[in-house]
Number of protein chains: 4
Amino acid sequence: MGAPSPGAAEQRGRPRSQRARVAVLTAAAELMVSGGFADLTVEGIAAAAGVGKQTVYRWWGSKADVVVEAVAEGYLTLPIVSLGDAGDLRADLAAWLRGIRSAIEEEDAARLVEAIMSALASAGETSEAIHQSLIRPIMAEIDSRFREHDRAHPGALPGPPSFLAETVGAHLLLHVMFGWPLGEERIGQLLDLVAPAAP
Amino acid sequence: MGAPSPGAAEQRGRPRSQRARVAVLTAAAELMVSGGFADLTVEGIAAAAGVGKQTVYRWWGSKADVVVEAVAEGYLTLPIVSLGDAGDLRADLAAWLRGIRSAIEEEDAARLVEAIMSALASAGETSEAIHQSLIRPIMAEIDSRFREHDRAHPGALPGPPSFLAETVGAHLLLHVMFGWPLGEERIGQLLDLVAPAAP
Amino acid sequence: MGAPSPGAAEQRGRPRSQRARVAVLTAAAELMVSGGFADLTVEGIAAAAGVGKQTVYRWWGSKADVVVEAVAEGYLTLPIVSLGDAGDLRADLAAWLRGIRSAIEEEDAARLVEAIMSALASAGETSEAIHQSLIRPIMAEIDSRFREHDRAHPGALPGPPSFLAETVGAHLLLHVMFGWPLGEERIGQLLDLVAPAAP
Amino acid sequence: MGAPSPGAAEQRGRPRSQRARVAVLTAAAELMVSGGFADLTVEGIAAAAGVGKQTVYRWWGSKADVVVEAVAEGYLTLPIVSLGDAGDLRADLAAWLRGIRSAIEEEDAARLVEAIMSALASAGETSEAIHQSLIRPIMAEIDSRFREHDRAHPGALPGPPSFLAETVGAHLLLHVMFGWPLGEERIGQLLDLVAPAAP
DNA sequence: GACTAAACGAGACGGTACGTCGCGTCTTTCA
DNA sequence: TGAAAGACGCGACGTACCGTCTCGTTTAGTC
């Protein structure tokens, strides 16, 4: 239509400062890594970002919201290794799980995970956002691999690819939340369960 | 013997008040259910229990500790149905999972789970305690059933009983944390995975 | 001259909006009466006037300035009865003082006086303006009457007319500030002091 | 009575800290003198006193209350010269008024008066307290002198002693509030009014 | 009639202080 | 010496306004 693009915001007043927005997210990410979620304060974020406290509350409502957006926007990321495709599903998965283990055992990543879990727990309504930005990527990685394998060998998997991916993710979550080590034996059991060797 | 029983602490001064102890745990349990972990305060517990704040700190150290003990002592329990043994593992498991689903979908139980998750997330050091008192009982229920089935039909299960129990528990955790419904399809997939029908 | 009137600023750009000016003063006056000076805010004035905050700051600089101008322009007035001239100075003054008393005891006027006092106290530099617009009119009323009496009966007054007017004003101020009632006895004493009956 | 004194407080819990109380009043007095009432903040008082903000709010409710108590307890005092008695009422009063003038013109006293006025204006309900501790002492000084003079020379004064004292006080208030100088001429007029020389 | 320039409304910005809540500690009296 | 009561220093909360700073939008002159 010749009319001005519909839905174009009739923007009134001073527009939102991107500088402030980025500064808040960056500061939150840094403070999260250095001190964890529990020690994080809105006041601290605002100070570190060189921003008024009200600016945080104007756009976010709570420290959990800030963290969620920081995660969603990639200011906080888990160093997830990508799942290779060397032809052997079991071997690929095993290598990937060992990579995850390393990442989790590393100091920063552990703190990050714990922090994200806290954010999630204290803000149930935003759990979907966290799921989308944190859990989903992890599962997506193996999901596609499962899917591909399923196409190549129909009926060989013990369940739908996405379900298997979630099974792996659920186990990882369990280990992370309770601080259990992800040992070789456990990896073996997991592989036997979701990607049994062809008999 | 004339001597005080050996090893028995020669306790001096006024002994710990059981009245106060029970009142604190009871109050904590009630406040937890009615308001969740985040809204719980030591001050609130003490007031509701008719107890001095110092008394709480003398014996517990933090609100998480109180909750953990309340859970451990059974002041806070999930209404877990027990896993029957009607001869068919799949059928028994299915019934049990549906029972869990009902419990989770009920208002109070959902709040309790969320609260316990928060306690866990905000107090990593007590996670083991929470695991022992909250997660373990759930898993124990199915674990023993898996174990029994394994004895009866060696080699029929796709993994060690305790591992399979954890797999089920992990999935439940995933659903609870992200508020996913535990549908029939998902239950079926889970059963196919951990208790495949004999071919 | 054909040239534009000399000294008249060659004003460029949009001229000051009288609509906005009046709206601000009116809003300030209303808010002053309804809530007092302490509860008055620039933000509130701007909102009530349907005006941008910047517009207030562009022309006034502080809420005290706005109030001062509102008083000066007559948007806020004390309902002062005028001092009659029935031939008897004492009787006229007594009637006038009783009128003042009624005005002060009325709800709105009391609030107004208190508000103006606050404005005065919190903005010493504008005290002269407030004096001019608030105190002076009151004194002027009796001042002229004293003056006239002095001309008719030289030497009869116990001091210069303006000084006597200020004495009356000072007493009124004292009563207003400390919330003392202006009783008949006090009125009598005041009259005896500034307008003694001829012996 | 043998019983514990009736009305004796059954004091429970930690008693109020006198250290904190004195520190707050002292800090408030100092900040008042150095910065005035407008620049005074509860936060600032608490910080300067080495006291939690809550402690201030627990006992005082507002900065005005603190100031009022500081004045009432003598942490803030006007350097009032005492009214001598050299036999001549007019001469004594004149000397005393000149002393007041010096005190007012001095920097600290001026600020103090202004501050107290602000406190008064912003806290109408406490005006009586301020009157008692600030205005009354000034008036009491001359009141007793007037009274004595009235006993010695009955009928010589143009009004009751306390009324005349208030007249002087009211004039002083007027001068202080509007920053008018208290000149010799004005002092003379005042004396003529309240203590006319015997004819 | 286009151009310029200032005032306008709106509202976000970095700040300061507010008054409240809860922390974990300390200091009383009572049992 | 434990327990109740409750004040203490402290730190963060979320809100209210401050006075300033963009924005896009009038609303006059002036070219």
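This one's a predicted model, so the numbers in the text were calculated from it and none came from an experiment. Residue numbers begin at 1 in each chain, while the letters A, B, ... track the order of the sequences.
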Rounded interatomic separation in angstrom, taking [atom1] from [X] and [atom2] from [N]:
X: I45(A); N: dC13(F); atom1: CD1; atom2: C1'; answer: 13 Å
X: E43(B); N: dA7(F); atom1: CD; atom2: P; answer: 11 Å
X: D39(A); N: dG11(F); atom1: CG; atom2: P; answer: 13 Å
X: Y57(A); N: dA12(F); atom1: OH; atom2: P; answer: 11 Å
X: Q54(A); N: dA17(E); atom1: CD; atom2: C1'; answer: 13 Å
X: R16(A); N: dG11(E); atom1: CZ; atom2: C1'; answer: 14 Å
X: Q11(D); N: dA4(F); atom1: CD; atom2: P; answer: 19 Å
X: Q18(D); N: dC26(E); atom1: CD; atom2: P; answer: 21 Å

message = Given dC23(E), dC17(F), dC8(E), identify the nucleotide with an atom nearest to the side chain of V42(B).
response =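 Closest nucleotide among those given: dC23(E).
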Can a side chain N or O of [X] be found less than 4.0 Å away from OP1 or OP2 on [N]?
X: R12(C); N: dT30(F); value: no
X: R19(A); N: dG14(E); value: yes
X: T55(D); N: dA7(F); value: no
X: W59(D); N: dC8(F); value: yes
X: R58(B); N: dG2(F); value: no

ask   = How far apart are the closest heavy atoms of V51(B) and R19(B), and which atoms are they?
value =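 Distance-wise, the nearest heavy atoms are CG2-NH2, 4.5 Å.
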key: Nearest heavy atoms of L40(C) and A28(C), plus distance in Å   =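 The pair with the smallest heavy-atom distance is CD1-O, 4.1 Å.
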ask   = Passes salt bridge (charged side-chain N to carboxylate O under 4.0 Å, His left out), E69(C) versus R21(C)? Steps please.
value = CA-CA 11 Å; E69(C) 185 166 331; R21(C) 181 171 166 279; 3.2 Å; yes
Most 5' of A20(B) and G52(D) on DNA chain F, judged by nearest nucleotide =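 Comparing both residues, the 5'-ward one is A20(B).
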ask   = Does G13(C) or G50(D) map to a spot on DNA chain F nearer the 5' end, using the closest nucleotide for each?
value =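 The residue whose closest nucleotide sits nearer the 5' end is G50(D).
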message = Can you say whether a donor on the side chain of K53(D) sits under 3.5 Å from an acceptor on the base of dG19(E), or the other way round?
response =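 Result: at least one qualifying N/O pair found.
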key: hbond_proxy R14(A) side chain to dG11(E) base (donor-acceptor, 3.5 Å cutoff)   =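 Under the 3.5 Å cut-off, the side chain and the base do not form any donor-acceptor pair.
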query = Between atom CD1 of I45(A) and atom OG1 of T26(A), what is the distance when rounded to the nearest 0.5 Å?
reply =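 Between atom CD1 of I45(A) and atom OG1 of T26(A) there are 11.5 Å.
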inquiry  = Between K53(A) and G44(A) (side chain of the first, backbone of the second, donor and acceptor by atom type, cut-off under 3.5 Å), is there such a pair?
reply    =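 No: the side chain of K53(A) does not pair with the backbone of G44(A).
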ask   = Within the structure shown, what part of the strands sits under 4.0 Å from G44(C) by heavy-atom distance: base, sugar-phosphate, or nothing?
value =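 Nothing, no heavy atom under 4.0 Å.
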